[in-house]
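Chain letters run A, B, ... following the sequence lines, proteins first, then strands; residues in each count from 1.
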2 protein chains.
Amino acid sequence: MDIKLSDRMSGLNPSAIREMFKVVQNPDIISFAAGSPSAAEFPVPELKAAALEIFDREAVPALQYGITEGYAPLRRRLTERLSEKFGIGRPFDDLIVVSGGQQCIDLSAKCLVNEGDAVLSENPSFIGGLNTFRSFGARLVGIPMDGDGMDTDALEEALKREKKAKLIYTIPDFQNPMGVTMSLPRRRKVYELAVKYGVMVLEDAPYTELRYSGEPLPAIKSFDETGHVIYSGSMSKVIAPGIRIGFAVAQKDLMAKMIVAKQGEDVHTNQFFQILVDRYLEENDFDAHIKNCCGHYREKRDLMLRCMEENFPSGVAFTRPQGGIFLWCTLPEGYSGKEFCSFAVERGVAAVPGATFDTQSDPKNRCFRLNFTVPSHEQIKKGVGILGDCLRDYLK
Amino acid sequence: MDIKLSDRMSGLNPSAIREMFKVVQNPDIISFAAGSPSAAEFPVPELKAAALEIFDREAVPALQYGITEGYAPLRRRLTERLSEKFGIGRPFDDLIVVSGGQQCIDLSAKCLVNEGDAVLSENPSFIGGLNTFRSFGARLVGIPMDGDGMDTDALEEALKREKKAKLIYTIPDFQNPMGVTMSLPRRRKVYELAVKYGVMVLEDAPYTELRYSGEPLPAIKSFDETGHVIYSGSMSKVIAPGIRIGFAVAQKDLMAKMIVAKQGEDVHTNQFFQILVDRYLEENDFDAHIKNCCGHYREKRDLMLRCMEENFPSGVAFTRPQGGIFLWCTLPEGYSGKEFCSFAVERGVAAVPGATFDTQSDPKNRCFRLNFTVPSHEQIKKGVGILGDCLRDYLK
C-alpha cells in the first residue's frame, strides 16, 4: 500500500548518527562518535541498593500509574537543588519530570511552534533537537557560533527579520557539538532579546554539571523574571542515560500545556526510575559523585587535547572545552568533514561529520565532532594518533 | 508575559480524569474511576529477581543509551509471541518497543495526520487517544457504538463523506470506556473499509489478554495483508503500568517514520525495564500469570454485575463485558451522567462521566464509566450499594 504520511514527517530521515551506530558496533573501530557518558561512571551499586529498597518497601506505587507531572518528592528535590545551586526557578515556574531532556525539547516545540514558524538555533547544534523542531514543521534558522557561543548580533538580526520566530534554542554550557561555552554577556543578551522580541528561549543544559576547568556561569534561566525561558535538565550524563529521566522548568501556564502534551505522549515517565532517582539523591552525596566523574573526564579531556596538539597538523583547528563530552575540529578551507570521516573510519577511527549538526545540513561543512568521555586512555592515545595520520594524508 | 501557544495545543485542556484523581486521593471515597489494573496482580517478586540479575550481570547495557527501536531480544520475543498467539505480523511489518501504548497513538498521529485531517474514532472512546489526536490538530469524527462495537455502516458513511480521513481508531476488545467487544464480521468490515478507502486503522489492544468469558476473536491486524493496520500493545494491564512498556507493529515504511518521531520524543524507552520485561518473560510463565489475573478479575466483574443487578433501578442500562477493566452505564433519557457523578461523589463513590469520553464532549451525555479491577470485593459491594441509592434518589 501507499501510505500517505503527514507533511511534518514526510521529509524527515533518520539522523546520520543513528546510521553511524552500525559502524561503531565493530570492536576493531576506535569510536570518538559517541554522545554518551562513560559507563564506568554509572553508580551501579548505589542504584542497585535503592532499587532493592523500592521493591521491598514501595513496589506498588513504583509499578502503578503515576501522575503526568512526575513523582512529587523528586520534583520537590530537583526544584530545591536547582534553586539553591543555580538560582533557577521563580514562583511563576513549575518543574516536571520528563522522559529525558529530549522530551522537554519535544514538548516545547509541540506547545509553541506552528508549522512554518521559525526556530532560531545555534548552528551547528544537537541533531536530536534540530530533528524534533523539523518534525513539527518548524523552519530552522541557524545562528552562527564562535568561541563565546551563539553570535547574539546575528541573533538580533534574525529576530528583526523573522516575524514568525517562536523559539531560540541554545546549549550554553559545553555545547553539543562544539564544546564551547556561551559567555556571560551573551547569556544576558539572549535573555534581553527574548523579552524584547517576545520569543521564548529553550535552554538545554544536559552537560552543565560536567565542568572540568574555568568558572561556572549562571544559567540564562537564572535571569528569568518574566517567564521567557524554558530550562531542560537531564540525569543522562550525570547518573545514566538508559533510565530516561530529565526535568523541565517553565512558566506555569506554558507548563500546564506541556503536561497535557506529555500526557498524550507517554502518560508519565517511568515511575520506578523516578522513585529510584529520588532515593539515590536522598541516600548518596550526588555532588561528590559528580566531582568524581568530572575528575575522570578532565583527565580524558586533557589527554585528548595533548594527543591532538602532538598529532594534528597545524591547519586543523579544534576547540578546548571547559566541560561536557565533546570537542570540535575544523579542517582548512576546501576540505570536507564528511569526506574526512569516511576516510578515517576506513582506517579504524569513527568521528561524526559536522554536516550532521548543521541546521541546513551543509554538505560543504568542513568540521567533525569528537567525544572524549567514552574511549579509554589507550583508545584516545591510539585513536588520535591514527586521526593525525589520516589528517596528514587527507590534507596532502 | 503573554505566551503565544501553538494552534494545535491552545484549545486543549487537561482531561476530566486527571482532575478526578484529586478527588479519589480521599481514602473515604470508594473509587470506580480508575483506569488501572489491580496492584495485587503485579508480579513483584519475579520483577525483583530479574532486576537483581540485571544489576549483577548487565547493568551497563541496561543503564546506557539504547537504540530507538528497542531492546532487540525483547523485540524478537514479542514478535514471536504475537505471531504464534495472535497471528499478528507479516514480512512487511516491524515491531518496536514504545513508552506505553499511549506512545503508539502519538507516533501514529504524528506520522499520519495533518492539521485539519479527520480521525474516525469509536464514540465514546479512550480520552488519552482522543486528546492525542486533538493535540495534532486532527478533527475527531465520532462513529457510534453498540453492543457489537463500532457501527461499521456509520463508519462507511463517514469514510464516503470525509475526504481527508487518515486514521480509524478502534479498541476492539473490551473497549474503553464501554467494555464491549467488536464482533468478528465488523472486524473484517473495518479492515475492508480501510483498504477500500485507503485509510489506516489504529488497533489499540491494551486489554486483549484480559478475557474472562466468551471466545477470543482475531485481531484486525491478523487480517492485514496490505499494511493498513497499526497494532498497539501494552504491558500496562498485564505486568504493570508504571514501567511504561508497550509495543507497536506496523508496516516497515511507516514504522521507519515512527522511529524517527520516537527518537525526537524520548530517544528510546527506558532500557532497564525493556531488559527487565524481556528477562521476566524468559524466566516466568507469562500465560499462567495472565490466567491468574483473569481469574481474580473475573470474580470482581461477576461480583460487580451481581451487585448492580440487585441494586440498580431498572431504567439504568449497563454493559456486561467479557473482559478488560471497565463497564458502562446509561441513564434514562433526560438525565446527565456528569450531574449524576457529581451527586455520587458527594455520597462517597467516584465514577467517570460519559461526556469525558465523547468525541465532541457532549454535555448531554447520560452515561458513566465504572472500573471493577481496582476496588476490593468489599468496596464493590458497598460502593455499588451506594450507587444504587444515588441512582434511585437522582432518578426520582
Side-chain angles (χ1 to χ4, degrees), chain A residues 1 3-9 12-15 18 21 36 39 42 44 48 51 55 59-60 62-67 99-100 102-103 106 110-115 128 131-132 135 166 200 226-228 240-244 251 253-254 257 259-261 263-267 270-273, chain B residues 1 3-7 9 12-15 18 21 36 39 42 44 48 51-52 55 59-60 62-67 99-100 102-103 106 110-115 128 131-132 135 166 200 226-228 240-244 251 253-254 257 259-261 263-267 270-273:
Chain A
M1 73 165 300
I3 293 172
K4 292 172 214 130
L5 295 167
S6 62
D7 298 337
R8 68 174 81 80
M9 289 303 295
L12 202 59
N13 294 313
S15 87
R18 287 171 48 74
F21 276 144
S36 326
F42 297 162
V44 176
K48 180 183 169 187
F55 272 116
V60 165
L63 295 171
Q64 189 54 282
Y65 282 115
I67 64 168
S99 302
Q102 182 74 44
Q103 196 178 43
D106 185 277
K110 185 162 188 179
C111 291
L112 292 169
V113 180
N114 285 319
E115 297 191 19
N131 271 351
T132 297
S135 80
K166 282 291 179 63
M200 297 290 292
T226 52
H228 280 84
I243 64 176
R244 311 309 305 127
Q251 191 265 2
D253 293 342
L254 172 60
K257 289 291 176 187
I259 292 164
V260 174
Q263 167 87 1
E265 275 187 14
D266 63 3
V267 187
N270 184 296
Q271 184 76 356
F272 190 97
F273 267 93
Chain B
M1 74 165 297
I3 294 172
K4 292 173 214 130
L5 294 166
S6 63
D7 299 337
M9 289 302 296
L12 201 59
N13 294 312
S15 88
R18 287 172 46 76
F21 277 144
S36 327
F42 296 162
V44 176
K48 181 183 167 187
L52 274 186
F55 273 116
V60 165
L63 295 171
Q64 190 53 281
Y65 283 115
I67 63 167
S99 302
Q102 182 74 45
Q103 196 176 45
D106 186 277
K110 185 161 189 180
C111 291
L112 291 169
V113 180
N114 284 319
E115 298 192 18
N131 271 351
T132 297
S135 80
K166 282 291 179 62
M200 297 290 291
T226 52
H228 280 83
I243 64 177
R244 314 306 306 128
Q251 191 265 1
D253 293 343
L254 173 59
K257 289 290 176 188
I259 293 164
V260 174
Q263 167 87 0
E265 278 189 12
D266 63 3
V267 187
N270 183 295
Q271 184 77 356
F272 190 97
F273 268 91

Chemist: Is it the case that A:S135 and B:K110 place a side-chain donor and acceptor less than 3.5 Å from each other?
Modeler: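 Yes, B:K110 and A:S135 have a side-chain donor paired with an acceptor closer than 3.5 Å.
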
Chemist: Does a donor on one side chain and an acceptor on the other come within less than 3.5 Å for B:D266 and B:S99?
Modeler: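 Yes, B:S99 and B:D266 have a side-chain donor paired with an acceptor closer than 3.5 Å.
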
Chemist: Is chain B contacted by the side chain of A:F42, its backbone, both, or neither, given a heavy-atom distance below 4.5 Å?
Modeler: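 Contact with chain B is through the side chain of A:F42 alone.
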
Chemist: Under 4.5 Å heavy-atom distance to chain B, tell me which part of A:E115 shows up: side chain, backbone, both or neither.
Modeler: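 A:E115 touches chain B through backbone and side-chain heavy atoms alike.
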
Chemist: For chain B, which of A:K4, A:M9, A:Q103 has the most heavy-atom pairs under 4.5 Å?
Modeler: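 Of the candidates given, the most pairs with chain B belong to A:M9.
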
Chemist: Between B:N131 and chain A, with a heavy-atom cut-off of 4.5 Å, which part of the residue counts as in contact: side chain, backbone, both or neither?
Modeler: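 Contact with chain A involves no heavy atom of B:N131 at all.
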
Chemist: Side chain from CB out, backbone as N, CA, C, O: work out which of these in B:V113 comes under 4.5 Å of a heavy atom of chain A, or both, or neither.
Modeler: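 For B:V113, the contact with chain A is made by the backbone alone.
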
Chemist: Side chain, backbone, both or neither: which part of A:D253 has an atom under 4.5 Å from a heavy atom of chain B?
Modeler: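 It is neither, since no heavy atom gets under 4.5 Å.
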
Chemist: Side chain from CB out, backbone as N, CA, C, O: work out which of these in A:A62 comes under 4.5 Å of a heavy atom of chain B, or both, or neither.
Modeler: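 When you check distances to chain B, only backbone atoms of A:A62 fall under 4.5 Å.
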
Chemist: If only atom types and distance count, is the side chain of B:Q251 paired as donor or acceptor with the main-chain N or O of B:T226 below 3.5 Å?
Modeler: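 Absent.
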
Chemist: Testing the 3.5 Å rule here: is there a donor-acceptor pair between the side chains of A:D106 and A:T132?
Modeler: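 Not at all, the side chains of A:D106 and A:T132 share no donor-acceptor pair under 3.5 Å.
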
Chemist: State, to 0.1 Å, how close A:L254 and B:L5 come at their nearest heavy-atom pair, and which atoms those are.
Modeler: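 Residues A:L254 and B:L5, closest heavy atoms: CD1-CD2, 3.8 Å.
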
Chemist: Could you tell me which portion of A:L12 (side chain, backbone, both or neither) has an atom closer than 4.5 angstrom to a non-hydrogen atom of chain B?
Modeler: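 Both parts, backbone and side chain.
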
